[in-house]
Amino acid sequence: MNSWIPLNPNLVYNWYDVRNFLETNTLLIFGFILLIALTSLICFKSGIINIALEGQFIMGVFGFVLFGSFVKKSGLNIYSKTFISIIGAFVFLTIITFIFSFLTITLKINQILVGIGLNIIASAVSLFFTLMITDDVAFRDLHFDTFYSVEAKLIYQNIINLKNQSIDLFLPLLILIFIVPFVWFFIEKTTIGFRIRATGKDLKMSKTIGIKSEKYQYIAVMSGVFLMTIASWFFAEWNHKFSGNVFGFGYLGLSLVILGREKVWSITIFTLLISTLILFTSKITKLEPNPNIIIDPKKREEFKKFYNSLEDIFNASIYLIPILSLVIYESIKKLKKFRLKKNF
Amino acid sequence: MNFKSLNKSLNKLIATIFSIFFIFFIFWIFLFSLNGQDGNILIRNIFFDWIFSKQQILKILKMLAPLLLGSLAVLLCYKSGIINLSVIGQMSLSGLVIFFVGLKLKEYNSEVNWLPLLVLVGILAAVSLSVLIFILKIYFNINEVLSSIFLNFVVMYFFRFLVKRPNILDPNDKLSTKDSLGFMIQFNFSVFEIIPISLIFSFFIFVFIGYILLRTRYGLKLKLINKYKKSAKYVGLNYKRNIFKIFIISGIISGLAGLFYYFKNDNSKLFLSDALPNNGFDTIIIVWLSQYSVVGLPFIAFFISLIRTQQEVIPISHISPEILQIIIGTILLFIPFISQLFFNKKQKQKMKETFIKLKLIFNKERFIKK
């Protein structure tokens, strides 16, 4: 079988779904990846490589889903349920972020090792308590009922129907429109941002100038809690359940910072590209071969398996792209230097 | 060894042992408060149950071999100033390549023993990954931590892609080595039914590399490169060449570790998962728990392999084995905390100062009240 034959649009039953990108999921994915990347950026600016972001994200989502599952059967309305869940995410994130910052900033233990330790603990803690609460060995999932869950969506669609899109599309967009310029302003234009950048550039020098570098590193790491809370809300709504795993999105945030050369606007653009790639991969696995054209059921199964395996290739490319871009960037830099030397 | 360094290593030992027992005690209390007997069962399961079971000891030692080698690869890199997280990817890549090449070779000729060739191929795969990270670090100025994390994910997804392809996966989403690779039967034997051949082999490698690190001129060179990179240049040490050697050696060792891990039993299974495999992280944990000491490495590796094997046979039904993962993680964070607070002179002084400040504030308040 020629491996690219199944990708022929004529053979596929639901090709239109793959092309249709304007929906809530797009914004949710884009939103949480961007927020993680911005958190990572603020830490980066203060001189901390926050590998614990994965663990933080796990704990945030766990907090959201845990509180959401507690209030699921209560008589509260969807707004208050969502609000309580967000508080859960905030509490859990504050605890884990404070532990990380205390160990790395005050005790000055290696950031990478602390990050790995916290990632391990976070995934184990979330799995342990999920299993304790659900008592379900086969499916370790916590379910909840908040803003974007199915029932809520139906209500909103009934209220306002905008070209087949529900009103909830605009909430993440609104949040992002406010947050991105705010983070840019915070890092580039405020005194706190300037001091954070100074500590990141040269710790000793900033101390001699009179900047309390430890305090500003604390501010940088802890300010990420607000962004990560919203990110965990978006992730939980996108995934609809939780089973102790966030699929490496914490690391992806870190990679986007490098890809975007530590600038807010370029990070936003790259996040848009990567999130559409992720959405495309998740959609391509749901493709089904047209039963009217491919009659043999065995062949149809083979096609389905092929679509499933394609997801991993796209996922791998998400991590390969930053490395390749860095290689290209560095080689261009070297070439420029070489040319300059030649001219002189 | 002078008195100062002896004192330092003694402090490390005390910090490690104290934190291990303290954390276990805390979790014993936690489990005891949840359900009376669970804490006792957990402690008995980890520290005593395996002692009289030959089969269980064999299992633990089989797990010890790859963990010892993997952690040695991480330590070797750490001694020369590199944090090598790519062991995770290297181990899984070597296992994966051996499996798929083995399948193809078996199809070609099933009567020949392909083991030496397969071992070589696995090692080459691991080495190629570490060389790639070396090139990215030296020639393209990309931090090895970041590049290794990304490449680990790339290997993981590549692994999933190959395993998911039609005609390879069995209905339970597992890939068994039992029927597909016959060569393991010749490879997987043990001395006196307790000590596996893989452990003997890995212990020899460990002793050899440990001797190089501790007692030879090359080991000292590595230390110099790690601590004083610039002065090492002035002395005449070639940084690139030495680092390249380290990457190659660590690649070879972690390739072997991958072989020993994925093919430790006749019926090993390669699972599909969405997260990076635990075995690689365990090697980093071991190095951290042993606080970068060569001598402490095998003991901690034994401790972790004990936990990993006993994790599978915890007789508590309503408590998940993740509790052990939490315990390991907590110990991991607690050791540096203890050693910083009690054995670091600066921190000690800071603590004293804060204590004096608090005392002063307290006295002032009392004085005002009077």
Side-chain angles (χ1 to χ4, degrees), chain A residues 1 49 51 99 102-103 107-110 112-114 116-132 135 137 140 243-248 251-252 254-255 258 301-302 305-306 308-320 322-323 326-327 329-331 333-334, chain B residues 34 83 85 132 135-136 139-143 145-147 149-167 169 273-276 278 281 284-285 287-288 317-333 336-337 339-341 344 346-347 350:
Chain A
M1 180 178 80
I49 300 172
I51 285 194
I99 293 170
F102 178 72
L103 290 173
L107 293 183
K108 291 195 172 55
I109 303 167
N110 194 326
I112 287 148
L113 296 179
V114 172
I116 290 167
L118 278 180
N119 290 348
I120 289 167
I121 288 183
S123 65
V125 163
S126 60
L127 257 178
F128 178 75
F129 285 105
T130 307
L131 195 67
M132 255 181 80
D135 254 348
V137 184
R140 294 172 169 192
S243 46
N245 193 3
V246 289
F247 317 117
Y251 295 119
L252 189 67
L254 202 68
S255 81
I258 297 154
E301 268 302 304
E302 240 176 69
K305 270 193 176 175
F306 176 76
N308 245 321
S309 63
L310 270 184
E311 184 194 9
D312 298 316
I313 285 289
F314 280 107
N315 279 332
S317 71
I318 290 165
Y319 290 95
L320 262 180
I323 294 177
L326 278 177
V327 167
Y329 177 77
E330 288 291 331
S331 41
K333 220 172 153 185
K334 271 186 183 176
Chain B
L34 277 181
I83 296 175
L85 300 185
L132 183 64
I135 291 168
L136 289 175
Y139 295 102
F140 296 100
N141 207 14
I142 301 172
N143 192 330
V145 175
L146 296 173
S147 62
I149 285 176
F150 299 156
L151 286 174
N152 284 341
F153 272 104
V154 171
V155 168
M156 188 192 88
Y157 283 119
F158 185 60
F159 191 110
R160 279 169 59 96
F161 172 71
L162 283 180
V163 173
K164 264 187 185 175
R165 284 178 69 202
N167 307 327
L169 202 68
S273 75
D274 287 324
L276 288 172
N278 259 338
F281 279 118
I284 299 157
I285 291 168
V287 173
W288 197 5
S317 58
H318 55 276
I319 282 206
S320 70
E322 268 73 38
I323 187 83
L324 285 170
Q325 191 87 348
I326 301 172
I327 291 174
I328 291 173
T330 322
I331 294 170
L332 211 63
L333 295 179
F337 180 74
S339 48
Q340 282 284 333
L341 276 187
N344 192 336
K346 273 186 186 173
Q347 288 293 343
K350 258 190 183 179

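Chain letters run A, B, ... following the sequence lines, proteins first and then strands; every chain starts at 1.
- Within the 4.5 angstrom heavy-atom criterion, atoms from both the backbone and the side chain of I323(A) approach chain B.
- Among V287(B), I331(B), I285(B), I142(B), the residue with the largest count of heavy-atom pairs under 4.5 Å with chain A is I142(B).
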Test side-chain contact (heavy atoms from CB on, under 4.5 Å) on I121(A) and L332(B) and set out the steps. CA-CA 9 Å; I121(A) 288 183; L332(B) 211 63; over 6 Å; no

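- For F102(A), the part sitting under 4.5 Å from any heavy atom of chain B is the side chain, from C-beta outward, and nothing else.
- For L136(B), the part lying under 4.5 angstrom from a heavy atom of chain A is the side chain only.
- Contacts of L103(A) with chain B are made by side-chain atoms alone, with heavy-atom separations under 4.5 Å and no backbone atom involved.
- Heavy-atom distances place both the backbone and the side chain of V154(B) under 4.5 Å from chain A.
- For the pair K334(A) and F140(B), the cation-pi criterion (under 6.0 Å, within 45° of the ring axis) is fulfilled.
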Under the criterion side-chain contact (heavy atoms from CB on, under 4.5 Å), I'd like the reasoning laid out for L324(B) against F128(A): C-alpha separation, chi angles, the key distance, then a yes or no. CA-CA 10 Å; L324(B) 285 170; F128(A) 178 75; over 6 Å; no

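- Here I109(A) is the residue among N119(A), N110(A), L326(A), I109(A) with the most heavy-atom pairs under 4.5 Å with chain B.
- Interatomic distance, CD1 of I112(A) versus CD1 of I284(B), reported as 10.5 Å (0.5 Å rounding).
- With values rounded to the nearest 0.5 angstrom, L333(B) atom CG is found 5.0 Å from L118(A) atom CG.
- Below 30°, between 30° and 60°, or above 60°: for Y319(A) and F150(B) the angle between ring planes is between 30° and 60°, a tilted geometry.
- I49(A) places a side-chain heavy atom less than 4.5 Å from the side chain of N143(B).
- Listed here is the closest heavy atom pair of F161(B) and D312(A): N-OD2, 3.7 Å.
- Contact of L252(A) with chain B is not made at all, since no heavy-atom distance falls under 4.5 Å.
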side-chain contact (heavy atoms from CB on, under 4.5 Å) for I120(A) and I326(B)? Distances and angles first, verdict last. CA-CA 7 Å; I120(A) 289 167; I326(B) 301 172; over 6 Å; no

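- Separation of atoms CD1 (I318(A)) and OH (Y157(B)) is listed at 7.0 Å; rounding is to 0.5 Å.
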